[in-house]
Amino acid sequence: MTPPASRSLIPEAPASGWSEWQRLPSAETFSPRVLAEILDGGQAFRWQRTSDVTWLGQFGDGVVRIALTAEGQLAWSSPSSLTAHVGPALVAYLDLARDSRTLADTLPWRSDAHLARCLETFPGLRILRQPFGETLLGFLCSATKQIVQIKQMVALLADRHGAPVLPTTADRSSLANRAAALGDPSTLNPQPSTPFHRLPTWPELAAVSEAELRACLLGFRARYIHQTAQFLAAHPGWLAETEALPYAAAKDRLCSLPGVGEKVADCVLLFGAGRLEAFPVDVWIIKTMAARYGLQGWKPAQIAQFGRVHFGPLAGLAQQYLFAYERAAARPPV
DNA sequence: GTTGAACCTTC
DNA sequence: AAGGTTCAA
């Protein structure tokens, strides 16, 4: 049992029906900026900021709020019915068993001044360990879209095609039973119910038409997701097997899915399978490798090769630091 | 093997 | 123009 976090250190009391704030089992501290980069910097698409230091997010069957204490430590709260499940799930999701600073220290920053600057700028930046299938769905949506738009597509998919996570079916039927016993007609037919829907699973997506997917603002990505869902439905176990494969084999298999090329496959393996050797090459990395490493005119595949050699077995972690730094440099300074 | 256009929609 | 993939030249 994690002890409740000291109430005075948390900016607000938990909402009713939610657990007390609890500390996470990690001594690491985070700045609001680094936490924002972790939760909302393009790894995941289901977090929204609720204040300077609090976030509301979903992954798997979980709904959770995260808060930063005055000392920069993490605390969390979830709907009471989910609390037992969310605690351990969140530790896995944030990959808190690994110390990110120790990990980052093994990167070649001693011989790479630019990397050293990126590490200093985002201390404690870490790679999430998201559910594999959800990560695949998110990055199938990502082609030529900005984070805001990807979040919008994913939110529509969840609202329209994902199962409600709250209240639990048990809660709901007990509510309905009680209401029936009391003869209260208003709760017999609960409203379109809850604000929280999980993302549709791949079997659920297989039952959604391409037209319905297009209605979720997916555009040409609707066909990719539809075809991928059909394939996965015809090959049960394929996704779980892929997740367990070594990096290169897993990437090959992912790239055989419609709409999945090298970049998307690397993102899925990095952010959804903990494969820190994956080095996704997107337009930001192409820019940064050209500007900071002198690789003007290099092709994505060449940059990926350079990245894996130069940054080593944790190239994906380095990639995330470079990515965060380059995007921050491009934004107007606060 | 390489290059370029097409693919949807929205900020 | 946007964090890409695919298909055809």
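These numbers were taken from a predicted model, which means no experiment stands behind them. Below, all heavy atoms of this structure are taken into account, side chains as well, without hydrogens, waters or symmetry copies. In what follows, every chain begins at residue 1, and chains take the letters A, B, ... in the order their sequences are listed.
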Atom pair distance, as rounded to whole Å: [atom1] in [X] and [atom2] in [N]:
X	N	atom1	atom2	answer
A/Ile225	C/dT5	CD1	P	13 Å
A/Gln146	B/dC8	CD	C1'	15 Å
A/Glu210	B/dC8	CD	C1'	11 Å
A/Lys251	C/dG4	NZ	P	14 Å
A/Leu218	B/dT9	CG	C1'	10 Å
A/Gln302	B/dG1	CD	P	14 Å
A/Leu140	B/dC7	CG	C1'	15 Å
A/His226	B/dC8	NE2	C1'	17 Å

Inset, instruction - Compare the ring of A/Phe220 with the six-membered ring in the base of B/dC7 and state whether they stack (centres under 5.5 Å, planes under 30°). - result: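 The ring of A/Phe220 is stacked on B/dC7.
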
Would you call A/Ile66 and A/Thr54 a side-chain contact if the rule is heavy atoms closer than 4.5 Å?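 When only atoms from C-beta onward are counted, A/Thr54 and A/Ile66 do not touch, as no gap falls below 4.5 Å.
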
**5' priority, DNA chain C, between A/Ile147 and A/Pro258 [closest heavy atom]** =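 Looking at the nearest nucleotide for each, A/Ile147 comes out on the 5' side.
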
Judged by each residue's nearest nucleotide on DNA chain C, which is more toward the 5′ side, A/Ser256 or A/Gln319?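 Closest to the 5' end, via its nearest nucleotide, is A/Gln319.
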
P spacing across the pair C/dC7 / B/dC8, given as an integer number of angstrom: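 Per the computed distance, 13 Å lies between those P atoms.
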
Quiz prompt | Paired nucleotide for B/dT3 [Watson-Crick or G-U wobble; both distances under 3.5 Å] | solution =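 Paired with C/dA8.
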
Show the numbers, then the answer: is there a side chain to side chain contact (heavy atoms under 4.5 Å, CB included) between A/Leu213 and A/Leu157? CA-CA 8 Å; A/Leu213 292 175; A/Leu157 282 170; 3.8 Å; yes

For the pair A/Glu204 and A/Arg160, find out whether any cationic side-chain nitrogen is under 4.0 Å from an anionic carboxylate oxygen.
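No, A/Glu204 and A/Arg160 are not salt-bridged.
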
Check your understanding: Salt bridge or not for A/Lys251 and A/Glu262, using N-O below 4.0 Å?
Key ->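 Salt bridge flag = yes for A/Glu262 with A/Lys251.
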
Exercise. Look at the side chain of A/Gln152 and decide which nucleotide, out of C/dA2, B/dT10, C/dG4, has an atom nearest to it.
Key: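 For the A/Gln152 side chain, the nearest candidate turns out to be B/dT10.
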
Report the nucleotide, chosen from B/dC8, C/dG4, B/dC11, that has the shortest atom-to-atom distance to any side-chain atom of A/Arg221.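 Shortest atom-to-atom distance from the side chain points to B/dC8.
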
- Message: Tell me whether the NZ or CZ atom of A/Arg46 lies within the 45° cone about the ring axis of A/Phe59 and under 6.0 Å from its centre.
- Response: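 Judged by the rule, A/Arg46 and A/Phe59 form no cation-pi pair.
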
Give one of base, sugar-phosphate or nothing for [X], where a contact means two heavy atoms less than 4.0 Å apart.
X	answer
A/Tyr224	base
A/Gly138	nothing
A/Gln149	base
A/Val260	sugar-phosphate
A/Leu257	sugar-phosphate
A/Gly42	base

Q | Listed partners of A/Arg110 passing salt bridge (charged side-chain N to carboxylate O under 4.0 Å, His left out), at least two apart | A |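 Result, salt bridge (charged side-chain N to carboxylate O under 4.0 Å, His left out) vs A/Arg110: A/Asp105.
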
Query raised in the report: For the base of B/dT9, is there a side-chain donor-acceptor partner from A/Lys145 under 3.5 Å away?
Result: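 A donor-acceptor contact between them is present.
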
_When you measure from the side-chain N and O atoms of A/Arg214 to the phosphate of B/dC8, is any distance below 4.0 Å, counting only OP1 and OP2?_
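So the side chain of A/Arg214 is within the cut-off, an N or O lying under 4.0 Å from OP1 or OP2 of B/dC8.
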
